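As structure tokens, the structure follows; a few thoughts come after it.
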Amino acid sequence: MDTTTVFGPIEGPPPAAHGAGRFAPSPSGDLHLGNLRTLVLAALFARASGRAFRWRIEDLDRVRAGSAESQLADAAELGIDWDAPLVVQSERTAAYEAALAQLTERGEVFECYCSRKDIQAAPTAPHAPPGAYPGTCRDLDEDERRTARAALAEAGRQPALRLRSSLREARAHDALLGTLTAPLDDFVLRRGDGVFAYNLTSVVDDGAAGIDQVVRGDDLASSAPRQADLAACLGIEPPAYAHVPLVLSASGARLAKRDGAVTLQELRALGFDVWGWIGRSSGFGAWGSFAEALGEFDPARLVREPAVFIPPE
Ligand code: GLU
């Protein structure tokens, strides 16, 4: 997409010395009320602590045409400003390659020839988390690699690249959840289809943009230890984390488009008070605007349980 004409210049001032927060949605569809609430909270955490607030379009996967524009338009409609530069992941390949080269040089990357089926079928190490990579390709010798690489190439595939983390334990601190601990498996840095993996791109981009505060939905809390560990491997200071509770539907599942009127436009069309709901469901009053929210916001008062939303008819 031509971000220069749609959103203004991509080059902006260098990251502010006082740090920055961010919102990093995948442009896979319109934001629903749960995403909008996370956006508002991320912007509040950043602005209330005097930080810049940045926006990143995570468009390496799951892209729907027009979604990035409509997500940004929703933020504008809510009165949420973000600071330049707007980061678009599909324009950042060189940065991901450089990070991968840095890790490769230190011997921390290995090729993996396994299919998903191979991984499921292999026995896992005793303390590995469920679904963890069993280490199949970690210690192959050069001959074995050559054979496996050739077999994959014959099938028109290329190896995935994994971080050699050998199941050490990683930690991250979360302002709302406390210490997050996770055993690291050798997670994927670049997928077999050549797409750079979320953990790598997100750490590289946060580092480059001077992001020192990551506020996002708590479905991503389990990613924080591995991202903090990877940041440290790349010489990037890990950010402060705050994983906020999700918005659920009546069934207790994460809110989704199929639940009914959940996007900003759908809710506005029904006369629903989006700002009021976001404020109340977060443990505050019925906010009317971002300025009003900023006046009342206090991270210590944020509700720690998921909110339930039943769409209006
Ligand atoms: N792009 C991810 C998502 O839409 C969020 C990534 C992040 O905040 O680290 O779920």
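In this text, all values refer to a predicted model and were calculated from it rather than measured experimentally.
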Can you list the residues that meet the side chain to side chain donor-acceptor pair (under 3.5 Å) rule with S202, with sequence neighbours excluded? none
Side chain to side chain donor-acceptor pair (under 3.5 Å) partners of D273, counting only residues at least two apart: none
Strictly by modelled atom types, are Q89 and Y198 linked by a side-chain donor-acceptor pair under 3.5 Å? no
Kindly state each residue pair satisfying ring pair (Phe, Tyr, Trp, His ring centres under 6.0 Å) with at least one member in residues 234-257, sequence neighbours excluded. Y241-H243
Could you check whether W55 and F23 have their ring centres less than 6.0 Å apart? yes
As a test of understanding, state which of E58, R64, R62, Q71 forms a side-chain hydrogen bond (donor to acceptor under 3.5 Å, both in side chains) with S26. R62
Residues that R145 engages under side chain to side chain donor-acceptor pair (under 3.5 Å), provided they are two or more places apart: Y113
Least distance between heavy atoms, L270 atom then P312 atom: CD1-O, 3.7 Å
Is the count of non-hydrogen atoms from other residues, nucleotides or ligands lying under 6.0 Å from R304 atom CZ greater than 12? yes
Would you mind telling me which of V204, L163, L161 makes a side-chain contact (heavy atoms from CB on, under 4.5 Å) with L100? L161
Checking Y96 now: which residues fulfil side chain to side chain donor-acceptor pair (under 3.5 Å) with it, not counting sequence neighbours? D205
Which heavy atom of G192 sits nearest a heavy atom of A160, and at what distance? N-CB, 3.7 Å
Scan for ring pair (Phe, Tyr, Trp, His ring centres under 6.0 Å) pairs involving residues 294-313, sequence neighbours excluded, and state none if there are none. F45-F297, F272-F309, W277-F309, F284-F297
Please determine, by modelled atom types, if N35 and T38 share a side-chain donor-acceptor pair under 3.5 angstrom. no
Fit a plane to each ring of W275 and W287, take the angle between them on a 0 to 90° scale, and name the class: parallel (under 30°), tilted (30 to 60°) or perpendicular (over 60°). perpendicular
